[in-house]
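Take a look at the structure below.
Protein chains get the first letters and strands the later ones, always in sequence-line order, with residue 1 at the start of each. Basis for what follows: all heavy atoms, side chains included, without hydrogens, waters or symmetry-related copies. For clarity, every value in this text was computed on a predicted model and none was experimentally measured.
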Protein chains: 2
Amino acid sequence: MFILVNVCSALSSDLTAQAKIRNAAIAHFAHDGFQKTNLRAIAATAGVSAALIIRHFGSKDNLRSVCDDHVLQILVRRARTSAGPVGVQDLSREYLADPEEYGLHVRYMVRAIEEDSSAATTFVNTLVEETEGLFRTGIADGSMRPSSDVRALAVLNVLISLATLTMAPALTRALGYEQMGLDVLQRVGLPMLELYTHGMYVDDTMLKAARTAWEAQQGDHFQRKDIHHG
Amino acid sequence: MFILVNVCSALSSDLTAQAKIRNAAIAHFAHDGFQKTNLRAIAATAGVSAALIIRHFGSKDNLRSVCDDHVLQILVRRARTSAGPVGVQDLSREYLADPEEYGLHVRYMVRAIEEDSSAATTFVNTLVEETEGLFRTGIADGSMRPSSDVRALAVLNVLISLATLTMAPALTRALGYEQMGLDVLQRVGLPMLELYTHGMYVDDTMLKAARTAWEAQQGDHFQRKDIHHG
DNA sequence: CTTGGCGGTGAACACGTGTTTATTCTAGTA
DNA sequence: TACTAGAATAAACACGTGTTCACCGCCAAG
């Protein structure tokens, strides 16, 4: 229901059954996540039977990887071409600008990131790559400060941009709004830009302290127990 | 398996069955998420039968809410007492400092945030509140720059801190590391501190542009279609 | 007209999993 | 010892869901 009717425009016409299924699956995965959507719901949205999905895609997992590839291709192409001037919160701005198409794909990727699928890795890497390039040119032409670690800075920025999407509900509520919207985004975007232009500390006490502390720690950091992940 | 053996110390002793089940559930929910863990796995870790879980907690959902309350209580108390000087990446630092106990609870909360449970809202709100208070005193004593919107700045900071946790796998890989660890955290932490002390733009071109653009847009922003969420 | 491939379907199967039920074990008490 | 309340369990149940299977039009080729 809900937004699923919106994408009917993308599947009501004379598309092939495979495309209809794929689009319906993308919509459902983006809206409910991979695990929570069942094949019968996808089938209903696509106007086919559940058996046909298996016939065409073999399994639910394979359907997912096909959707991954499709969304990834679209988003990556879009990320490469539309290298905006800021490049930081483009993602969230475009997300709100065109909820029907772009928003669907971005939401799909957000879900993929949360579930840590392989497509998410490629997507994040592409974003980092583009951002890093943007930063390097910015530093070269003098519009940006030089950084000790451009790569890490790019990662940090992508992280922040994506975080506003993945944690949109919590963020929205924390600011007292009901629904994510342009107002919420501007409310967060302004401090973000302020942070980007002049930071939030008045001097470099913290920075120096951290630098010396970490340099001193370099000798024994390897004897720490590592932490397991996923 | 994996980290679950680590928490055996917390449940192998003479705890009551309810506590054993609760701890086992917290470990499993933190490690695999709510949906992917089944009652029989929790029962096995706790050394009891699946039926006993239902007997004591009524349902899986209720068990979840009990775990939510328990973890929330611990984390909130800890957040309130240990108001560190920086307050920004404390979370991730403590996360790595004590993976066995604190890390488990933080991971639990990260999962709760991803699944957007009600406990996550309370937790995020608490963090934002604490951070905002920290910022206001920092601004008052002159160690921090004044901000046009302290609340939003606090939200932004909590967002960034939590993002490094929720997207730890993607972040780690984007920097070319195998596993999250102190090295990764320092690699991101340094640019973060640099960003916090002097920003990354050399002038306020972007900031001014955004400000004027948004002010001009204030007249017609309400006629945009809103986006639906979750 | 028959035939064979192809897109498509409904019903059934297999299995994981939350929950229920009947039963057993255990400890405290008279 | 006998009894009872509650803790704990194994087995069964209910149900959702991915997948398989037998079958059905339909349409071009012979």
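- If you take NZ of B/K60 and C1' of D/dG16, they are 13 Å apart, rounded to a whole angstrom.
- Here D/dT20 presents its P atom at 16 Å from CZ of A/F57, a figure rounded to the nearest Å.
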Check against salt bridge (Lys or Arg N to Asp or Glu O under 4.0 Å), B/R111 and A/E114: CA-CA 9 Å; B/R111 278 258 133 83; A/E114 282 175 3; over 6 Å; no
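- Taking atom CD1 of B/I54 as the reference point, atom P of D/dT9 lies 14 Å away to the nearest angstrom.
- A donor and an acceptor atom sit less than 3.5 Å apart, one in the side chain of B/R40 and one in the base of C/dT19.
- Atom CD1 in B/I53 sits about 13 Å away from atom P in D/dA10, given to the nearest Å.
- Side-chain N or O atoms of A/H56 include none that pairs as donor or acceptor with a backbone N or O of A/L52 at under 3.5 Å.
- Taking atom CG of residue B/D32 and atom P of nucleotide C/dT17, one finds them 11 Å apart after rounding to whole Å.
- Side-chain contact annotation: B/R107 with B/H31, donor-acceptor N/O pair under 3.5 Å absent.
- For the pair B/L39 CG and D/dA10 C1', the interatomic distance rounds to 16 Å; values are reported in whole Å.
- For B/R55, whose side chain is taken as the heavy atoms from C-beta onward, the closest listed nucleotide among D/dA7, C/dT9, D/dG18 is D/dA7.
- If you measure from atom CG of B/L52 to atom C1' of C/dT24, you get 14 Å, rounded to the nearest angstrom.
- Between B/F34 and B/F29, the ring planes lie tilted relative to each other; the angle falls in the 30° to 60° range.
- Checking A/A51 against B/A50, the closest nucleotide of DNA chain D that is more toward the 5' end is the one next to B/A50.
- Between A/H56 atom NE2 and D/dG18 atom P there is a gap of 18 Å when expressed in whole angstrom units.
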